[in-house]
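Take a look at the structure set out below.
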Amino acid sequence: MEIEKLIDGNSATVKLTGRLDTSNSPELEEALKTLDSAEKITLDFSGLEYISSAGLRVLLIAHKNFSKKSGMTLINVNDDVMDVFKVTGFDDVLDIK
């Protein structure tokens, strides 16, 4: 998985490419921690092919942290990843555009 971070003032965009699973979810968790000073975060999933339960856990932690600020939004979610969100109920919890 590749992680690309773009910071613009108090906002940050994180673009993910590849597969988010047990082997690399700690990498995403650390990358999001480095953006803790951002008020709002956007996760661009245009290149994300797959997400496992470990990836969902990282998203839940990030959602909890950024909901205390201006929030977290997911964009460009493909159908396969959206199916995982629907089955797990994450589509009701996360702000997905």
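If you read the sequence from its start, that first residue is 1, and numbering goes on from there. Since the model is a prediction, treat every value here as computed from it, not as a measurement.
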### Task
For K40 and S70, work out which heavy atoms get closest and say how close.
CB-CB, 4.0 Å
### Task
Indicate yes or no: does D79 engage K86 in a salt bridge with an N to O separation below 4.0 Å.
no
Less than 3.5 Å apart, which donor and acceptor atoms pair up between the side chains of residues 89-97 and the rest of the protein, not counting sequence neighbours?
residue: D95; atom: OD1; partner: K97; partner atom: NZ; Å: 3.4
residue: D95; atom: OD2; partner: T73; partner atom: OG1; Å: 3.1

### Query
Hey, what do you get for CG (D83) to CD1 (I51), rounding to the nearest 0.5 Å?
12.5 Å
### Message
What's the separation between atom NZ in K15 and atom OG1 in T42, rounded to the nearest 0.5 Å?
### Response
13.5 Å
### Task
Give a yes or no on whether L6 and L16 share a hydrophobic cluster (residues Ile, Leu, Val, Met, Phe, Trp, Tyr; joining criterion: side-chain heavy atoms under 4.5 Å apart).
no
### Message
Counting C-beta onward and ignoring hydrogens, is there a side-chain heavy-atom pair between E27 and I3 closer than 4.5 Å?
### Response
yes
### Message
Under a 3.5 Å distance rule, please check whether N24 uses its side chain to pair with a backbone N or O of D21 as donor and acceptor.
### Response
yes
### Query
Roughly how far, to the nearest 0.5 Å, is CZ of F45 from CG of L74?
4.0 Å
#### Entry: Backbone N/O of L48 and side chain of N78: donor-acceptor pair under 3.5 Å
yes
Listing, residues 54-65 side-chain donor-acceptor contacts under 3.5 Å, not counting sequence neighbours, or none:
residue: R57; atom: NH2; partner: E29; partner atom: OE1; Å: 3.4
residue: N65; atom: ND2; partner: I61; partner atom: O; Å: 3.4

### Query
Would a 4.5 Å heavy-atom cut-off, applied to side chains only, mark L20 and S25 as touching?
yes
### Message
L35 vs V14, test: side-chain contact (heavy atoms from CB on, under 4.5 Å). Steps then yes/no.
### Response
CA-CA 10 Å; L35 300 172; V14 178; 3.4 Å; yes
### Task
Starting at CE of M1, measure out to CG of L28 and round the result to the nearest 0.5 Å.
5.0 Å
#### Entry: Linked, directly or transitively: F85 and Y50 (ILVMFWY side chains, under 4.5 Å)
no
### Query
Hey, does L43 have a side-chain heavy atom less than 4.5 Å from the side chain of L32?
yes
## Note on the structure
Here the pair of heavy atoms bringing F66 nearest to E39 is CD2-O, 4.2 Å
